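Notes for the one structure printed next.
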Amino acid sequence: MIPSTKDILARLVAEPTVSRSSNLALLDYAESLLGPAGARVERFAHPDGSRANLWATIGPDGPGGVVLSGHTDVVPVEGQAWSSDPYVLTERDGRLYGRGTADMKGFVAAALRAALLAAGRNLQRPLHLALSYDEEIGCLGVRGMIDALAVRPDRPALCIVGEPTGMRIATGHKGKVALRACCHGQEGHSALAPNALNALHLGAAFIAALQKRQEALCDHGARDPDYDIPYSTIHAGMMRGGTALNIVPNLCEIDFEIRNIAEDDADDILAGIEADAETIARPYRNRFPMACIEISRVSGYPGLATDPHAPAVVLLRRILGGDPSTLKVAFGTEGGLFDRDLGISTAICGPGFMDQGHKPDEFVSLDQLDRCDAMLERLLAELASAN
Ligand SMILES: [Zn+2]
(Lines give C-alpha, C1' and ligand atoms only; values in the text may rest on other atoms or scores of the structure.)
Protein backbone atom coordinates (compact mmCIF):
# COMPACT_ATOMS: atom_id res chain seq x y z
CA MET A 1 0.00 0.00 0.00
CA ILE A 2 1.56 3.28 -1.14
CA PRO A 3 1.28 6.05 1.48
CA SER A 4 -0.31 9.36 0.53
CA THR A 5 1.78 12.45 -0.05
CA LYS A 6 0.25 13.91 3.12
CA ASP A 7 1.29 10.87 5.18
CA ILE A 8 4.84 11.02 3.79
CA LEU A 9 4.96 14.77 4.44
CA ALA A 10 3.99 14.19 8.09
CA ARG A 11 7.04 11.93 8.51
CA LEU A 12 9.35 14.41 6.75
CA VAL A 13 8.12 17.38 8.82
CA ALA A 14 8.67 15.38 12.04
CA GLU A 15 12.43 15.39 11.33
CA PRO A 16 13.87 18.77 12.44
CA THR A 17 16.37 18.91 9.58
CA VAL A 18 17.55 22.48 10.09
CA SER A 19 20.58 23.28 7.86
CA ARG A 20 23.90 22.02 9.29
CA SER A 21 22.09 19.44 11.46
CA SER A 22 21.67 15.78 10.56
CA ASN A 23 19.17 14.72 7.91
CA LEU A 24 20.16 11.06 8.16
CA ALA A 25 16.96 9.96 9.92
CA LEU A 26 14.95 11.59 7.13
CA LEU A 27 17.07 9.81 4.51
CA ASP A 28 16.68 6.51 6.38
CA TYR A 29 12.92 6.96 6.15
CA ALA A 30 13.15 7.82 2.44
CA GLU A 31 15.28 4.73 1.84
CA SER A 32 12.85 2.56 3.78
CA LEU A 33 10.29 3.53 1.13
CA LEU A 34 12.55 3.52 -1.92
CA GLY A 35 14.55 0.35 -1.23
CA PRO A 36 11.62 -2.11 -1.16
CA ALA A 37 10.21 -0.38 -4.27
CA GLY A 38 13.33 -1.42 -6.17
CA ALA A 39 14.98 2.00 -6.45
CA ARG A 40 18.76 2.11 -6.71
CA VAL A 41 19.82 4.46 -3.94
CA GLU A 42 23.14 6.17 -3.28
CA ARG A 43 24.24 8.69 -0.68
CA PHE A 44 26.82 11.45 -1.04
CA ALA A 45 27.73 12.51 2.48
CA HIS A 46 29.16 15.68 4.01
CA PRO A 47 32.82 15.06 4.94
CA ASP A 48 31.91 14.79 8.64
CA GLY A 49 29.25 12.19 7.90
CA SER A 50 26.48 14.00 9.76
CA ARG A 51 24.29 14.65 6.72
CA ALA A 52 24.04 13.53 3.13
CA ASN A 53 22.50 13.85 -0.31
CA LEU A 54 20.39 11.00 -1.60
CA TRP A 55 20.27 9.99 -5.27
CA ALA A 56 17.70 7.40 -6.28
CA THR A 57 16.92 5.92 -9.70
CA ILE A 58 13.81 4.00 -10.73
CA GLY A 59 13.45 2.46 -14.15
CA PRO A 60 16.14 1.57 -16.69
CA ASP A 61 19.80 2.53 -16.40
CA GLY A 62 21.28 4.78 -19.03
CA PRO A 63 20.99 8.37 -20.15
CA GLY A 64 17.87 10.51 -20.28
CA GLY A 65 14.92 10.62 -17.96
CA VAL A 66 13.92 13.22 -15.44
CA VAL A 67 15.40 14.39 -12.11
CA LEU A 68 13.08 15.55 -9.34
CA SER A 69 15.24 17.81 -7.20
CA GLY A 70 14.50 18.95 -3.66
CA HIS A 71 16.36 19.95 -0.53
CA THR A 72 15.70 18.23 2.79
CA ASP A 73 16.93 21.03 5.07
CA VAL A 74 14.73 23.73 6.56
CA VAL A 75 15.28 27.10 8.20
CA PRO A 76 15.12 27.42 12.02
CA VAL A 77 11.96 28.17 14.01
CA GLU A 78 13.65 30.00 16.89
CA GLY A 79 12.04 33.31 17.74
CA GLN A 80 8.96 32.58 15.64
CA ALA A 81 5.47 32.45 17.13
CA TRP A 82 3.84 29.28 15.77
CA SER A 83 0.19 28.40 16.46
CA SER A 84 1.07 24.69 16.57
CA ASP A 85 4.21 22.57 16.93
CA PRO A 86 6.25 23.33 13.77
CA TYR A 87 7.48 19.73 13.67
CA VAL A 88 4.03 18.15 13.86
CA LEU A 89 2.12 18.32 10.57
CA THR A 90 -1.19 19.95 11.48
CA GLU A 91 -4.20 20.21 9.19
CA ARG A 92 -6.51 23.22 9.45
CA ASP A 93 -8.94 24.47 6.82
CA GLY A 94 -7.45 22.61 3.89
CA ARG A 95 -3.91 23.59 4.79
CA LEU A 96 -1.06 21.54 6.18
CA TYR A 97 1.04 23.52 8.64
CA GLY A 98 4.61 22.70 9.63
CA ARG A 99 8.20 23.81 9.08
CA GLY A 100 9.23 22.99 5.54
CA THR A 101 5.75 22.22 4.21
CA ALA A 102 6.11 24.87 1.48
CA ASP A 103 9.91 25.07 1.35
CA MET A 104 10.09 22.30 0.33
CA LYS A 105 9.18 19.02 1.96
CA GLY A 106 5.76 19.08 0.28
CA PHE A 107 7.43 18.53 -3.08
CA VAL A 108 9.88 15.99 -1.62
CA ALA A 109 6.91 14.00 -0.25
CA ALA A 110 5.17 14.09 -3.65
CA ALA A 111 8.41 13.03 -5.38
CA LEU A 112 8.84 10.08 -3.00
CA ARG A 113 5.27 8.98 -3.66
CA ALA A 114 5.86 9.29 -7.41
CA ALA A 115 8.94 7.07 -7.07
CA LEU A 116 6.85 4.43 -5.29
CA LEU A 117 4.20 4.58 -8.02
CA ALA A 118 6.91 4.40 -10.68
CA ALA A 119 8.03 1.03 -9.37
CA GLY A 120 4.90 -0.53 -10.85
CA ARG A 121 4.90 1.34 -14.17
CA ASN A 122 7.55 -0.31 -16.39
CA LEU A 123 9.33 2.98 -17.12
CA GLN A 124 11.07 3.27 -20.47
CA ARG A 125 13.22 6.15 -19.21
CA PRO A 126 14.55 6.62 -15.67
CA LEU A 127 13.08 8.75 -12.90
CA HIS A 128 15.71 10.15 -10.53
CA LEU A 129 15.30 11.74 -7.12
CA ALA A 130 17.99 14.19 -5.97
CA LEU A 131 17.50 15.07 -2.30
CA SER A 132 20.09 17.46 -0.91
CA TYR A 133 21.16 19.01 2.41
CA ASP A 134 22.34 22.52 3.40
CA GLU A 135 20.53 24.27 0.53
CA GLU A 136 19.30 27.08 2.75
CA ILE A 137 22.85 28.19 3.57
CA GLY A 138 24.00 28.77 -0.02
CA CYS A 139 23.24 25.58 -2.00
CA LEU A 140 26.28 24.02 -0.33
CA GLY A 141 25.31 20.37 0.17
CA VAL A 142 24.19 19.48 -3.34
CA ARG A 143 27.62 20.21 -4.83
CA GLY A 144 29.03 16.85 -3.66
CA MET A 145 26.28 15.06 -5.55
CA ILE A 146 26.65 17.27 -8.63
CA ASP A 147 30.41 16.62 -8.74
CA ALA A 148 29.84 12.86 -8.53
CA LEU A 149 27.21 12.94 -11.29
CA ALA A 150 29.39 15.13 -13.49
CA VAL A 151 31.94 12.35 -14.08
CA ARG A 152 29.38 9.71 -15.02
CA PRO A 153 28.88 8.78 -18.66
CA ASP A 154 25.08 8.96 -18.52
CA ARG A 155 23.23 12.22 -17.93
CA PRO A 156 19.56 12.73 -17.16
CA ALA A 157 17.84 14.85 -19.79
CA LEU A 158 15.68 17.12 -17.65
CA CYS A 159 15.42 18.43 -14.11
CA ILE A 160 12.42 19.76 -12.21
CA VAL A 161 13.35 21.68 -9.07
CA GLY A 162 10.28 21.60 -6.81
CA GLU A 163 10.73 24.88 -4.96
CA PRO A 164 7.35 26.49 -4.28
CA THR A 165 6.01 28.33 -7.32
CA GLY A 166 2.30 27.74 -6.71
CA MET A 167 2.62 24.98 -9.36
CA ARG A 168 3.54 27.51 -12.03
CA ILE A 169 6.57 27.15 -14.29
CA ALA A 170 9.57 29.25 -13.31
CA THR A 171 12.45 29.51 -15.77
CA GLY A 172 14.90 31.67 -13.91
CA HIS A 173 16.33 33.31 -10.86
CA LYS A 174 19.27 35.60 -10.21
CA GLY A 175 22.71 34.31 -9.34
CA LYS A 176 24.26 35.21 -6.01
CA VAL A 177 27.79 35.69 -4.70
CA ALA A 178 28.31 36.27 -0.97
CA LEU A 179 31.56 38.10 -0.19
CA ARG A 180 33.59 39.47 2.69
CA ALA A 181 35.79 42.55 2.60
CA CYS A 182 38.51 42.78 5.25
CA CYS A 183 39.74 46.37 5.58
CA HIS A 184 43.18 46.53 7.16
CA GLY A 185 44.38 49.71 8.89
CA GLN A 186 46.73 50.46 11.76
CA GLU A 187 45.71 50.69 15.42
CA GLY A 188 46.58 53.63 17.66
CA HIS A 189 45.44 55.78 20.58
CA SER A 190 42.41 57.77 19.53
CA ALA A 191 43.98 60.95 20.97
CA LEU A 192 46.57 60.58 18.21
CA ALA A 193 44.10 59.35 15.60
CA PRO A 194 45.75 60.96 12.56
CA ASN A 195 48.89 58.90 13.25
CA ALA A 196 46.94 55.68 12.72
CA LEU A 197 44.81 54.36 9.87
CA ASN A 198 41.21 53.85 10.88
CA ALA A 199 39.89 50.60 9.36
CA LEU A 200 36.29 51.71 9.92
CA HIS A 201 36.96 54.75 7.77
CA LEU A 202 38.26 52.45 5.02
CA GLY A 203 35.13 50.36 5.46
CA ALA A 204 32.87 53.39 5.23
CA ALA A 205 34.54 54.45 1.97
CA PHE A 206 34.19 50.91 0.65
CA ILE A 207 30.45 50.81 1.44
CA ALA A 208 30.02 54.18 -0.25
CA ALA A 209 31.70 52.68 -3.34
CA LEU A 210 29.34 49.67 -3.22
CA GLN A 211 26.41 52.05 -3.08
CA LYS A 212 27.69 53.99 -6.08
CA ARG A 213 28.05 50.78 -8.09
CA GLN A 214 24.51 49.81 -7.09
CA GLU A 215 23.17 53.16 -8.25
CA ALA A 216 24.94 52.74 -11.59
CA LEU A 217 23.39 49.28 -12.08
CA CYS A 218 20.00 50.70 -11.18
CA ASP A 219 20.31 53.77 -13.43
CA HIS A 220 21.90 52.28 -16.56
CA GLY A 221 22.62 48.58 -16.00
CA ALA A 222 21.16 45.64 -17.93
CA ARG A 223 17.45 44.99 -17.44
CA ASP A 224 15.26 41.91 -17.10
CA PRO A 225 11.65 43.05 -16.69
CA ASP A 226 10.58 39.59 -15.49
CA TYR A 227 12.01 40.41 -12.06
CA ASP A 228 10.44 42.71 -9.45
CA ILE A 229 13.87 44.31 -9.17
CA PRO A 230 14.77 44.17 -12.88
CA TYR A 231 18.54 44.70 -12.53
CA SER A 232 21.51 43.23 -10.66
CA THR A 233 21.89 44.32 -7.06
CA ILE A 234 24.72 44.91 -4.59
CA HIS A 235 24.00 44.98 -0.88
CA ALA A 236 26.07 45.29 2.32
CA GLY A 237 24.48 43.26 5.13
CA MET A 238 26.97 43.30 8.02
CA MET A 239 29.79 45.54 9.19
CA ARG A 240 32.06 44.67 12.13
CA GLY A 241 34.99 46.58 13.55
CA GLY A 242 36.47 48.34 16.54
CA THR A 243 36.99 47.34 20.16
CA ALA A 244 36.79 50.59 22.15
CA LEU A 245 36.13 54.26 21.48
CA ASN A 246 39.65 55.28 22.47
CA ILE A 247 41.35 52.85 20.09
CA VAL A 248 41.69 53.53 16.36
CA PRO A 249 40.54 50.17 14.92
CA ASN A 250 42.89 48.18 12.68
CA LEU A 251 40.28 45.88 11.17
CA CYS A 252 36.82 46.26 9.68
CA GLU A 253 34.92 43.40 8.07
CA ILE A 254 32.00 43.89 5.71
CA ASP A 255 29.76 41.10 4.45
CA PHE A 256 28.15 41.96 1.14
CA GLU A 257 26.55 40.27 -1.83
CA ILE A 258 25.96 40.53 -5.56
CA ARG A 259 22.74 39.18 -7.06
CA ASN A 260 23.05 39.24 -10.82
CA ILE A 261 20.58 38.83 -13.65
CA ALA A 262 21.69 36.57 -16.52
CA GLU A 263 22.69 39.59 -18.64
CA ASP A 264 25.38 40.55 -16.10
CA ASP A 265 28.42 38.50 -15.12
CA ALA A 266 28.91 38.55 -11.35
CA ASP A 267 32.68 38.28 -11.86
CA ASP A 268 32.67 41.46 -13.96
CA ILE A 269 30.75 43.32 -11.26
CA LEU A 270 33.18 41.97 -8.67
CA ALA A 271 36.19 43.08 -10.73
CA GLY A 272 34.85 46.64 -10.59
CA ILE A 273 34.39 46.42 -6.82
CA GLU A 274 37.94 45.10 -6.41
CA ALA A 275 39.23 48.06 -8.42
CA ASP A 276 37.30 50.40 -6.09
CA ALA A 277 38.86 48.71 -3.06
CA GLU A 278 42.34 49.27 -4.42
CA THR A 279 41.56 52.89 -5.29
CA ILE A 280 40.47 53.49 -1.70
CA ALA A 281 43.44 51.80 -0.01
CA ARG A 282 46.32 52.75 -2.33
CA PRO A 283 46.79 56.43 -1.27
CA TYR A 284 47.46 55.31 2.33
CA ARG A 285 50.07 52.71 1.54
CA ASN A 286 53.11 55.04 1.66
CA ARG A 287 52.49 55.82 5.31
CA PHE A 288 50.71 52.54 6.20
CA PRO A 289 52.11 49.57 4.23
CA MET A 290 49.39 47.28 5.59
CA ALA A 291 46.60 49.41 4.09
CA CYS A 292 44.39 47.21 1.95
CA ILE A 293 40.88 45.91 1.42
CA GLU A 294 40.95 42.16 0.82
CA ILE A 295 37.86 40.64 -0.74
CA SER A 296 37.11 36.93 -0.39
CA ARG A 297 34.29 34.79 -1.69
CA VAL A 298 32.14 33.16 1.01
CA SER A 299 29.57 31.28 -1.04
CA GLY A 300 27.37 31.60 -4.07
CA TYR A 301 25.31 29.86 -6.66
CA PRO A 302 24.78 30.48 -10.36
CA GLY A 303 21.60 32.02 -11.67
CA LEU A 304 19.15 30.11 -13.82
CA ALA A 305 18.01 31.44 -17.19
CA THR A 306 16.22 28.65 -19.00
CA ASP A 307 14.77 29.44 -22.41
CA PRO A 308 10.94 29.38 -22.37
CA HIS A 309 11.10 26.83 -25.20
CA ALA A 310 13.72 24.59 -23.55
CA PRO A 311 12.90 20.87 -23.14
CA ALA A 312 12.26 21.14 -19.37
CA VAL A 313 9.69 23.91 -19.93
CA VAL A 314 8.04 22.07 -22.81
CA LEU A 315 7.72 18.96 -20.61
CA LEU A 316 6.27 20.95 -17.71
CA ARG A 317 3.70 22.59 -19.99
CA ARG A 318 2.60 19.13 -21.13
CA ILE A 319 2.32 17.52 -17.69
CA LEU A 320 1.02 20.54 -15.80
CA GLY A 321 -2.10 20.90 -17.84
CA GLY A 322 -2.77 24.38 -16.47
CA ASP A 323 -1.36 27.87 -16.91
CA PRO A 324 1.35 27.57 -19.62
CA SER A 325 2.95 30.96 -18.89
CA THR A 326 6.34 31.19 -17.21
CA LEU A 327 7.74 33.42 -14.50
CA LYS A 328 11.02 34.10 -12.75
CA VAL A 329 11.45 33.86 -9.00
CA ALA A 330 13.19 36.12 -6.51
CA PHE A 331 14.77 33.30 -4.49
CA GLY A 332 17.71 31.13 -5.50
CA THR A 333 17.60 27.39 -6.14
CA GLU A 334 19.91 24.47 -6.90
CA GLY A 335 18.64 24.60 -10.48
CA GLY A 336 21.47 26.82 -11.69
CA LEU A 337 23.97 24.12 -10.65
CA PHE A 338 22.11 21.32 -12.45
CA ASP A 339 21.92 23.51 -15.53
CA ARG A 340 25.46 24.97 -15.52
CA ASP A 341 27.50 22.06 -14.12
CA LEU A 342 25.61 19.10 -15.58
CA GLY A 343 24.10 20.66 -18.69
CA ILE A 344 20.63 19.40 -17.74
CA SER A 345 17.65 21.41 -19.01
CA THR A 346 16.12 22.69 -15.77
CA ALA A 347 12.97 24.49 -14.67
CA ILE A 348 11.32 25.14 -11.32
CA CYS A 349 7.80 24.02 -10.40
CA GLY A 350 6.49 22.99 -7.00
CA PRO A 351 3.56 23.18 -4.60
CA GLY A 352 2.95 26.06 -2.21
CA PHE A 353 4.22 29.60 -2.21
CA MET A 354 7.48 31.12 -0.98
CA ASP A 355 5.39 33.80 0.75
CA GLN A 356 4.77 31.13 3.38
CA GLY A 357 8.36 29.90 3.51
CA HIS A 358 10.74 30.78 6.35
CA LYS A 359 7.85 32.20 8.43
CA PRO A 360 5.83 31.01 11.42
CA ASP A 361 2.75 28.96 10.48
CA GLU A 362 4.32 27.91 7.17
CA PHE A 363 1.84 25.81 5.22
CA VAL A 364 1.09 24.10 1.93
CA SER A 365 -2.53 23.66 0.86
CA LEU A 366 -3.97 20.22 0.13
CA ASP A 367 -5.04 21.62 -3.24
CA GLN A 368 -1.44 22.48 -4.14
CA LEU A 369 -0.25 19.00 -3.10
CA ASP A 370 -3.02 17.41 -5.18
CA ARG A 371 -1.94 19.41 -8.21
CA CYS A 372 1.66 18.33 -7.70
CA ASP A 373 0.60 14.67 -7.38
CA ALA A 374 -1.40 14.99 -10.60
CA MET A 375 1.55 16.53 -12.44
CA LEU A 376 3.87 13.74 -11.31
CA GLU A 377 1.28 11.11 -12.32
CA ARG A 378 1.36 12.54 -15.85
CA LEU A 379 5.16 12.56 -15.74
CA LEU A 380 5.15 8.83 -14.94
CA ALA A 381 2.84 8.22 -17.91
CA GLU A 382 5.35 10.08 -20.12
CA LEU A 383 8.31 8.10 -18.79
CA ALA A 384 6.41 4.85 -19.32
CA SER A 385 5.63 5.64 -22.94
CA ALA A 386 8.14 4.62 -25.60
CA ASN A 387 9.03 8.08 -26.91
ZN1 LIG B 1 13.86 26.03 -0.72
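Because the structure is a prediction, the values reported are computed rather than measured. All ligand and atom numbering here is 1-based and tracks the order in the structure.
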Using a strict threshold of under 4.0 Å (side-chain N to carboxylate O), is an ion pair present between Arg113 and Asp7? no
So, applying side-chain contact (heavy atoms from CB on, under 4.5 Å) with Leu316, which one of Arg168, Met375, Met167 is it? Met375
Between Asn53 and Ser132: side-chain donor-acceptor atoms closer than 3.5 Å: no
Among Leu376, Leu380, Thr57, Leu117, side-chain contact (heavy atoms from CB on, under 4.5 Å) partner for Leu127: Leu380
Sort by chain and number the protein N/O/S atoms that are closer than 2.8 Å to the Zn ion (ligand 1), and list them. His71 NE2, Asp103 OD1, Glu163 OE1, Glu163 OE2
If you define the side chain from C-beta out and look only at heavy atoms, does anything of Leu9 sit under 4.5 Å from Val364? yes
State whether Arg240 and Asp255 are salt-bridged, where the test is any N-O pair (Lys NZ or Arg NE/NH1/NH2 against Asp/Glu carboxylate O) under 4.0 Å. yes
